[in-house]
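Reading through the structure tokens given below for one structure.
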Amino acid sequence: MADQNVHKAGFTPGGIKGRSTGSEIMSREARSHGGGVPSGGPTSTLQEMGAKSSTHSSGFTSTGISSGSKASGMMSHEAKSHGGQIPKGGTTSTVQSVSMGGKGK
């Protein structure tokens with residue numbers, strides 16, 4: 001289900017669909033980074049997972065982040081970089097939100 005949610009959000013093997021949640025996330029991220037979308041950010045992470053249908057196998061599932069997975073490692077790294085917190089709008093929270101069928105906000 002997580003991969004389906006990512007595809008429904010507009011992150012597909014063919015690229016990010018126009019006028020989708022994915023395009024909104026990309027636009028928001030580009031504006032906050034001076035026009036570019038950084039490698040390792042929410043947009044690039046979701047697009048890579050959408051293209052490969054690898055969201056669930058990376059540990060981002062429709063019920064939460066799997067223990068011991070790539071996703072849990074990303075979450076841990078991000079938390080360490082932000083004083084123990086996962087920032088709203090960061091890679092982990094955005095990818096998990098979309099994986100669960102949310103809007104990535």
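Start at 1 with the first residue, then count along the sequence.
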Going by salt bridge (charged side-chain N to carboxylate O under 4.0 Å, His left out), name the pairs with one or both residues in residues 10-21, residues two or more places apart or in two chains.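 Qualifying pairs, neighbours excluded: none.
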Name all pairs fulfilling the salt bridge (charged side-chain N to carboxylate O under 4.0 Å, His left out) condition that reach into residues 54-68, sequence neighbours left out, sorted by first residue then second.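 For residues 54-68: none.
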How long is the gap from [atom1] on [X] to [atom2] on [Y], to the nearest 0.5 Å?
X: F60; Y: N5; atom1: CZ; atom2: CG; result: 13.5 Å
X: T55; Y: Q96; atom1: OG1; atom2: CD; result: 10.0 Å
X: M75; Y: S67; atom1: CE; atom2: OG; result: 8.5 Å

Minimum heavy-atom separation for [X] to [Y], with atom names?
X: V6; Y: S99; value: CG2-OG, 4.2 Å
X: I65; Y: S69; value: CG2-OG, 4.1 Å
X: G59; Y: A71; value: C-CB, 3.6 Å

May I ask you to decide if [Y]'s main-chain N or O and [X]'s side chain share a donor-acceptor pair within less than 3.5 Å?
X: S93; Y: P87; result: yes
X: S27; Y: S23; result: no
X: S81; Y: H77; result: yes

Report yes if some heavy atom in the side chain of F11 is under 4.5 Å from a heavy atom in the side chain of I25; otherwise report no. yes
[X]: which residues meet the side chain to side chain donor-acceptor pair (under 3.5 Å) condition with it, sequence neighbours left out?
X: S58; value: none
X: T21; value: none
X: E78; value: T92
X: K52; value: E48

Could you tell me which residues satisfy side-chain contact (heavy atoms from CB on, under 4.5 Å) with [X], sequence neighbours excluded, listed by chain and number?
X: E29; result: H33, V37, P38, P42, T43
X: T61; result: H56, T63, S66
X: S53; result: D3, H7
X: T45; result: M49, M74, T91, V95

Do you reckon I86 sits in the same ILVMFWY cluster as V98, going by side-chain contacts under 4.5 Å, direct or chained? yes
